[in-house]
Trainee: 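After the structure tokens below, expect a handful of questions from me.
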Amino acid sequence: MSIDPRLLDVAACDAAIDAFERRLAELPEARALEEATAARDAAVATETELADKRGRAERDAKRFDDEGATLDSKLTNVNRKLHDGSVTNPRELAALQAEQEMLGRKKGEVEDLQLELMMLLEDLEAQLARAAEERDAAAARFDVAAAAHSVVIGEIEAELGAERDTRAGVAAGIDSALLETYDKVRRRSGIGAAALNGDICSACHMKLTAPEVTEVEAAQTGRCPSCDVILVIVT
Ligand SMILES: [Zn+2]
């Protein structure tokens with residue numbers, strides 16, 4: 001009894017399905033999309049980090065403004081006491097003058113820090129503007145990569161689906177026990193069935209001896225003695 005030759009059609013479908021699946025796994029569009037995703041995420045992270053820095057600098061600026069305002073009001077108080085004639089004791093006046101100097105020094109220090117912060121904020125604003133541009137550009141590159149990926153995936157999946165349908169149609173007419181053996185062999189070695197062309201196995205291209213050919217012909221599911229695939233005799 002010879003093996004149903006349609007098993008070779010199933011094997012051809014499976015080879016095509018494997019090729020589509022390999023293509024899906026190794027798509028350059030998938031790698032490009034991965035890179036575009038990483039670049040976009042990095043651009044967003046940079047922008048977020050800069051925005052956080054700006055937030056901290058703004059809080060610091062607010063703190064120094066408050067500190068400056070407090071020093072101003074203390075200075076106003078001290079200046080008033082120094083000049084409104086309410087304090088006449090020389091020691092108290094000296095103490096007030098010392099306080100006035102101390103407050104003035106502190107005010108100067110705070111003003112220096114305010115200036116530094118103002119420059120830092122300007123710098124951060126410029127960096128943020130560049131980061132936002134880079135983020136927009138990275139997002140645009142991501143959109144292009146995602147669209148290209150989706151087109152290719154759609155095409156391959158459509159072909160893959162059609163191939164799977166064809167395989168199901170062919171397999172439906174084949175003896176289920178034979179298919180089970182075929183699937184087992186295929187899982188083990190990648191190929192389930194191949195044609196025996198004369199005395200050559202078309203899967204591994206090894207030549208079978210005459211007794212081996214006779215054995216394959218006699219067996220219900222003859223197998224290649226070299227690569228173990230189911231051999232289908234083609235006439
Ligand atoms: Zn073989």
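Note that ligands are numbered from 1 as they come in the structure, with each ligand's atoms numbered from 1 the same way.
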Trainee: Taking the basic N atoms (NZ, or NE/NH1/NH2) and the acidic carboxylate oxygens, is any pair closer than 4.0 Å for Glu111 and Lys107?
Mentor: yes
Trainee: Tell me, yes or no, whether the heavy-atom count around Glu125 atom CD, taken from other residues, nucleotides or ligands under 6.0 Å, exceeds 12.
Mentor: yes
Trainee: Keeping waters out of it, list the protein N, O or S atoms under 2.8 Å from the Zn ion (ligand 1).
Mentor: Cys201 SG, Cys204 SG, Cys224 SG, Cys227 SG
Trainee: Within a 6.0 Å radius of atom CD on Glu215, are there more than 12 heavy atoms belonging to other residues, nucleotides or ligands?
Mentor: no
Trainee: Atom CE of residue position Met206 - does it have more than 12 heavy atoms of other residues, nucleotides or ligands inside 6.0 Å?
Mentor: no
Trainee: Please report the closest heavy-atom contact between Asn197 and Ser202, naming both atoms and the distance.
Mentor: ND2-CB, 3.8 Å
Trainee: Could you check whether Glu21 pairs with Arg164 (Lys NZ or Arg NE/NH1/NH2 to Asp/Glu carboxylate O, under 4.0 Å)?
Mentor: yes
